[in-house]
Q: 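Just dropping this structure here.
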2 protein chains.
Amino acid sequence: MGQRNLGLAAVARLAGVSTATVSNVLNRPHVVAVPTRERVMAAIEELDFVPNRAAATLRQGTNRVLGLVIPDVVNPFYAAIVDAVVVAADRDRYAVVLCVSHEDPAREQRHFDMLAEQRAAGALVVPISADWSRLSQLRMVGTRLIVVDRSIDESEACSVAIDDVHGGEIAVEHLLGVPGSGISIVNGSHTIVQCEDRRTGARSALASAGLDPDSLVEFEMRDMTIEAGVEAGRRIAASGAPRRVFCTNDQLAIGVMRGLAETGVETPRDAAVVGYGDLAFGTEEARRLTTVGQPKQEMGEVAVAKLLAELQEGKAHRHSATTFQPRLVVRESTGR
Amino acid sequence: MGQRNLGLAAVARLAGVSTATVSNVLNRPHVVAVPTRERVMAAIEELDFVPNRAAATLRQGTNRVLGLVIPDVVNPFYAAIVDAVVVAADRDRYAVVLCVSHEDPAREQRHFDMLAEQRAAGALVVPISADWSRLSQLRMVGTRLIVVDRSIDESEACSVAIDDVHGGEIAVEHLLGVPGSGISIVNGSHTIVQCEDRRTGARSALASAGLDPDSLVEFEMRDMTIEAGVEAGRRIAASGAPRRVFCTNDQLAIGVMRGLAETGVETPRDAAVVGYGDLAFGTEEARRLTTVGQPKQEMGEVAVAKLLAELQEGKAHRHSATTFQPRLVVRESTGR
DNA sequence: TTGTAAGCGTTATCAC
DNA sequence: GTGATAACGCTTACAA
């Protein structure tokens, strides 16, 4: 019960061996003779010995810790990544320090500095901006970096990302196979790289089908919420825009279906709607929505795998960028 | 760019002071003369010095790290707690090590041990079981504990929880104010303490209204999913059970509404449904659902506040249990 | 197979 | 206000 706090030395004394041997029992059991090992284990048990990783970190210069820096943890997309990362790291006995930047560069910077001070072995980062000077502290202490869900030059770091252009392509490709004419796109701001990429993919799908990319009828909404989607749906219904609609997230898509329905345009009877993300599971409307699924768990797992590989390889490591392809999840909203 | 890695000593040399002074500049700037301080800061800048927290941890016996152990991070209830905890911890410059137990006791145990080895200053735990012997390692190294979302004897640790009994009470109280007769409850397994508590609250509300608690018509479902809710809704419709229905989570509630609707029983026209949790925001059905809201962010914040207080108070600390009251979020599903 | 001993980079206790 | 210096607990050559 009491809160003692001895060290290797106490264990060594009780077991009648040296500290080096105790250390070996802990880290390289195979080099220790069996009877010695057992004596040491017994002493560890007896004293409730808890190794002090700070001492090991100090000595080795690196901590069995990975940093994970994301913009938001309530967002199910990132939550899924967090889950995958935590599981993968746990498999290799790494602790994960979670940092939520909330899109605040100053906060993100503090997180980087903190991870550097902790001598984190590596960090998985969904960066707010592409300003690499911010990472100098981490570089300085040798923390390895993986950029997640953003692309970056391979000379800088490893990265994993999901190909949003392809996501836009398969969405529109699918819509083109549904009866109707023309394509509408309901998008967020073009300044968001994901939105821009998905739109690029949409245009590319039109081009591949021998259609004019400029024939895409665009609705650029300020927010990417259900409300904004409803507004877009109304405008589509009112303006006679194409009723094969690609929305760049699921909320917009659900809103669009609702906005269309207000004037009696039912999906999928009179319209076809494709969303993006496949995140809002478990709700009625999402269950009917054809959408673009993103392999986020896989991305998280591979990110950790890359990081651990880089840690093993050391100097010999060469950065690489991995891209994951989204796949279409076909449901009712495009089934005529 | 190079990866140097000096220490206080190098900074001290460059600034022409002792390591003690550099340490003071970092930790107690006010005791250092201004010109000296400035010279030291310049040297720190010049050398890109990054303090090594492992050394400080080793010396001080405690790490500026909080552990957060939860069963699941994709679940929005826990995600909200994680967010609140991370923000609160960040305010006081604590790093948060996230551990996801996935309901696996062995894994949870590893997490505890790991936090002990890291000499975490404290840990916020949503424990799988109430087996306190599991925490011996943590106790041994002086890590302070706060139990979150579970109750525990005040002699053991501080805790924060949400009063599920009261949640059940206000839900049924509200249903009793809606036209109709009798109350149905759609619940998960009674072995889940939250389910049992919410049911207890429901019975208590009946009693307070002068009704027989045993008049509560119960449906105990194996899962707490939308599907299970649909099944319950069908059974309610078929059996003529009371159509004022309290469901112990939102998924069940959404399912019940759907199941009822299959036989033309529309909510709120012919039925009143109350859910629990207020988590599935942004979906059409959830927007219409009267439900019991849980102050989860507040719980997370207070948990960290308690932990930090305990860390400050040290020996003098006395444990305490804080209970948060849920509040009813009234929406369409009970509005006749 | 085991022991010896030199650090790792801080912080804290004294002197000055 | 500042400087020496002794821990803190572990890992790792190297020696035996």
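By convention in this document, chain letters (A, B, ...) are assigned in the order of the sequence lines, proteins followed by strands, and residues within each chain are numbered from 1. Because the structure is a prediction, the values reported are computed rather than measured.
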Q: Nearest-Å distance, CD1 (A/Ile44) to P (D/dG9)?
A: 16 Å
Q: Tell me which donor-acceptor pairs under 3.5 Å the side chains of residues 74-85 of chain A have, and how far apart each pair is, sequence neighbours excluded?
A:
residue : atom : partner  : partner atom : Å
A/Asn75 : OD1  : A/Phe77  : N            : 2.8
A/Asp83 : OD1  : B/His102 : NE2          : 3.0

Q: Find the bend of the helix from C/dT1-D/dA16 to C/dC16-D/dG1 as the angle between its two terminal axes (five pairs each), to the nearest 10°.
A: 30°
Q: Rounded to the nearest 0.5 Å, how far does OG of B/Ser320 lie from CD of B/Glu310?
A: 8.5 Å
Q: Could you tell me whether A/Lys306 and A/Glu313 have a side-chain N and a carboxylate O separated by less than 4.0 Å?
A: no
Q: Rounded to whole Å, how long is the line connecting atom CZ of A/Arg13 with atom P of C/dG3?
A: 14 Å
Q: Would you be so kind as to tabulate the donor-acceptor pairs closer than 3.5 Å made by side chains of residues 30-43 of chain B, with sequence neighbours excluded?
A:
residue : atom : partner : partner atom : Å
B/Arg37 : NE   : B/Pro29 : O            : 3.4
B/Arg37 : NH2  : B/Pro29 : O            : 3.4
B/Arg39 : NH1  : B/Ala15 : O            : 2.7

Q: If a pair satisfies ring pair (Phe, Tyr, Trp, His ring centres under 6.0 Å) and one of its residues is in residues 42-66 of chain B, list it, with sequence neighbours excluded.
A: none
Q: Does A/Arg144 reach the side chain of A/Cys158, with side-chain heavy atoms less than 4.5 Å apart?
A: no
Q: Output the rounded distance in Å from CD (A/Glu38) to P (C/dT1).
A: 14 Å
Q: What is the distance from CG of B/Leu58 to P of D/dC8, rounded to the nearest Å?
A: 9 Å
Q: Take the protein atom CG of A/Asn52 and the nucleotide atom C1' of C/dC8, then report the distance between them rounded to whole Å.
A: 13 Å
Q: Please identify each residue that fulfils side chain to side chain donor-acceptor pair (under 3.5 Å) with A/Asp72, with sequence neighbours left out.
A: none
Q: Encode nucleotides 11-16 of chain C as B, S and - characters from 5' to 3', where the letter depends on protein heavy atoms closer than 4.0 Å: B to the base, S only to sugar-phosphate, - to neither.
A: BB----
Q: Would you say C/dG3 has OP1 or OP2 under 4.0 Å from some side-chain N or O of A/Thr21?
A: yes
Q: Rounded off to whole Å, could you give me the CD-to-P distance for the A/Gln118 and C/dT10 pair?
A: 13 Å
Q: Once you round it to whole Å, what is the distance between C1' of D/dC10 and CG of A/Asn63?
A: 13 Å
Q: Mind checking if B/Val17 touches a base, just sugar-phosphate, or nothing, with heavy atoms under 4.0 Å?
A: sugar-phosphate
Q: Would you say the side-chain atoms of B/Gln118 and A/Arg53 include a donor-acceptor pair closer than 3.5 Å?
A: no
Q: Is it true that A/Lys296 and A/Glu301 make a salt bridge, defined as a side-chain N closer than 4.0 Å to a carboxylate O?
A: no
